[in-house]
Number of protein chains: 2
Amino acid sequence: MSADTDQGAVDVAWLSAAQQQDWAALVRLVMTLPAALDAQLKRDAGVNSFEYHLLANLATAPDRTLVLSDLAEAAQGSLSRLSHAITRLERAGWVERRACNDRGRRVEARLTDAGVAKLEEMAPGHVREARRLVVDVLTPEQLAALGEAARAITAVTLAEAPEACRELGDC
Amino acid sequence: MSADTDQGAVDVAWLSAAQQQDWAALVRLVMTLPAALDAQLKRDAGVNSFEYHLLANLATAPDRTLVLSDLAEAAQGSLSRLSHAITRLERAGWVERRACNDRGRRVEARLTDAGVAKLEEMAPGHVREARRLVVDVLTPEQLAALGEAARAITAVTLAEAPEACRELGDC
DNA sequence: ACGTTTGGGTTGAACATTCAAGTCACCTCC
DNA sequence: GGAGGTGACTTGAATGTTCAACCCAAACGT
């Protein structure tokens with residue numbers, strides 16, 4: 001269809017049988033693991049994993065506060081997605097927005113006490129799920145290898161994520 | 001909040017520093033890799049990865065045809081999500097629905113010739129992206145280890161996926 | 001001083017996904 | 001031979017995400 005992206009079929013090396021197996025396993029992983037984690041959070045705490053990550057990121061930030069664009073980068077989401085999400089969290093009383101007098105038009109989000117409480121309430125269940133689905137089903141060596149592979153891959157994907165390119169100064 | 005799920009904070013073993021590192025790397029992986037793959041497909045072919053998987057699954061099925069519930073299971077999505085997605089693909093002319101005279105109220109989806117063409121047009125780009133983001137950044141041993149870990153994890157997550165429990169006879 | 005550009009956010013409409021309800025065909029069991 | 005189940009979808013409304021447009025404040029250039 002789109003005639004401009006037609007370097008199309010020029011000689012793409014296909015994958016070996018073993019590579020295909022591993023690729024397929026990875027695809028199944030990235031399809032089912034986030035879904036499972038999301039389901040647990042939704043069921044037990046009524047938040048989705050993006051919102052969870054927002055709260056978690058704020059909790060570890062100095063003064064439980066972050067400028068929105070930094071938070072967006074940390075949680076790997078667009079500013080728009082973040083803005084909508086913060087609106088929901090604000091409505092729930094877990095974070096509050098406030099303009100920072102600093103410079104420009106920046107806004108920062110701060111985790112409220114209720115937000116801290118909420119996070120402390122749901123963190124154990126989340127960790128339990130992380131153990132049950134990942135940590136406990138792998139040997140220590142397997143987990144280490146998985147982490148290493150994940151770091152190698154995200155070295156590429158993070159460098160290209162529209163939100164994170166500032167970190168590497170390449171855009 | 002929900003007082004019934006309150007085995008809450010009872011003594012959850014937290015993760016070691018190394019485990020936390022690996023867990024965090026995995027989380028970043030499952031946040032960014034699907035997003036990157038999705039973006040490539042959307043940009044170059046105008047479909048999302050769920051739709052791509054539907055077409056790919058149909059392409060390898062006998063007579064390029066699958067009963068919807070089997071397809072939903074294969075692509076790890078709810079029947080409802082599938083139904084909406086098939087409607088879109090049908091509108092684009094890449095698949096067609098037809099009742100199968102078989103028994104019950106089953107419906108099957110068949111990949112049309114246009115669908116085959118579309119898939120052949122976009123597969124190379126997708127494979128190239130898979131190489132670029134995953135296969136080529138890992139050593140063969142790392143890829144194999146990743147595949148192994150992924151299989152261990154999905155052994156749990158797939159067994160619990162509401163759509164896939166039939167396979168293991170546990171529901 | 002005054003336009004222009006850039007950075008940082010917000011907003012609303014379009015689109016995708018989920019959730020709950022509804023439909024229809026077949027089966028089973030009084 | 002109806003009454004109630006069950007399996008396999010469909011549908012519409014609610015929710016979440018993306019996309020494009022917009023707004024405002026500060027910095028830059030002349």
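So that the names make sense, note that chain A is the first sequence line, chain B the second, and so on, each numbered from 1. Hydrogens, waters and symmetry mates are skipped; everything else that's a heavy atom, side chains included, is used.
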- Message: Taking only side-chain N and O atoms of Ser69(A), does any of them lie within less than 4.0 angstrom of OP1 or OP2 on dG9(C)?
- Response: yes
- Query: With respect to the phosphate group of dT17(C), does any side-chain polar atom (N or O) of Arg88(B) fall under 4.0 Å of OP1 or OP2?
  - Reply: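 For dT17(C), OP1 or OP2 has a side-chain N or O of Arg88(B) closer than 4.0 Å.
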Choose from [options] the nucleotide whose nearest atom is closest to any side-chain atom of [X].
{"X": "Arg97(A)", "options": "dC9(D), dA16(C), dT10(C)", "result": "dT10(C)"}
{"X": "Arg81(A)", "options": "dT17(D), dG7(C), dT18(C)", "result": "dT17(D)"}
{"X": "Arg105(A)", "options": "dA8(D), dG7(C), dG12(C)", "result": "dG7(C)"}
{"X": "Ser83(A)", "options": "dC24(C), dT17(D), dT11(C)", "result": "dT11(C)"}
{"X": "Ser78(A)", "options": "dT18(D), dT17(D), dG12(D)", "result": "dT18(D)"}

- Test Ser49(A) against Leu37(A) for side chain to side chain contact (heavy atoms under 4.5 Å, CB included), laying out the working first. CA-CA 7 Å; Ser49(A) 39; Leu37(A) 294 170; 5.5 Å; no
To the nearest Å, how far apart are [X] [atom1] and [N] [atom2]?
{"X": "Asp70(B)", "N": "dA8(D)", "atom1": "CG", "atom2": "P", "value": "9 Å"}
{"X": "Met31(B)", "N": "dT17(D)", "atom1": "CE", "atom2": "P", "value": "10 Å"}
{"X": "Glu108(B)", "N": "dA8(D)", "atom1": "CD", "atom2": "C1'", "value": "13 Å"}
{"X": "Asn48(B)", "N": "dG16(D)", "atom1": "CG", "atom2": "C1'", "value": "15 Å"}
{"X": "Leu82(A)", "N": "dC19(D)", "atom1": "CG", "atom2": "P", "value": "16 Å"}
{"X": "Gln76(A)", "N": "dT17(D)", "atom1": "CD", "atom2": "C1'", "value": "16 Å"}
{"X": "Leu79(B)", "N": "dC19(C)", "atom1": "CG", "atom2": "C1'", "value": "14 Å"}
{"X": "Arg98(A)", "N": "dG8(C)", "atom1": "CZ", "atom2": "C1'", "value": "18 Å"}

- Under the side chain to side chain donor-acceptor pair (under 3.5 Å) criterion, do Thr87(A) and Arg97(A) qualify, and how do the steps go? CA-CA 9 Å; Thr87(A) 301; Arg97(A) 260 185 250 247; 2.6 Å; yes
- Want to settle it: does Leu68(A) or Lys42(A) sit nearer the 5' end of DNA chain C, counting the closest nucleotide to each?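 In this pair, the answer is Leu68(A).
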- Query: His84(A) or Phe50(B): which one's nearest nucleotide on DNA chain C is closer to the 5' end?
  - Reply: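 That would be His84(A).
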- Task: Specify whether Tyr52(B) and His126(B) have parallel, tilted or perpendicular ring planes, treating 30° as the upper limit for parallel and 60° as the lower limit for perpendicular.
- Result: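 Aromatic pair Tyr52(B)/His126(B) classed tilted.
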- Message: Taking any heavy-atom pair under 4.0 Å as a contact, classify Arg106(B): base, sugar-phosphate, or nothing.
- Response: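 The residue Arg106(B) makes sugar-phosphate contact but no base contact.
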- Message: Quick check on Gln21(B): does its CD atom have over 12 non-hydrogen neighbours (other residues, nucleotides or ligands) under 6.0 Å away?
- Response: no
- Side chains of Arg110(B) and Val95(B): closer than 4.5 Å at any heavy-atom pair?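 Arg110(B) does not reach Val95(B) side chain to side chain.
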- Is a donor-acceptor contact shorter than 3.5 angstrom present between the side chain of Ser80(B) and the base of dC9(D)?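 For Ser80(B), whose side chain was compared with the base of dC9(D), there is no donor-acceptor pair (under 3.5 Å).
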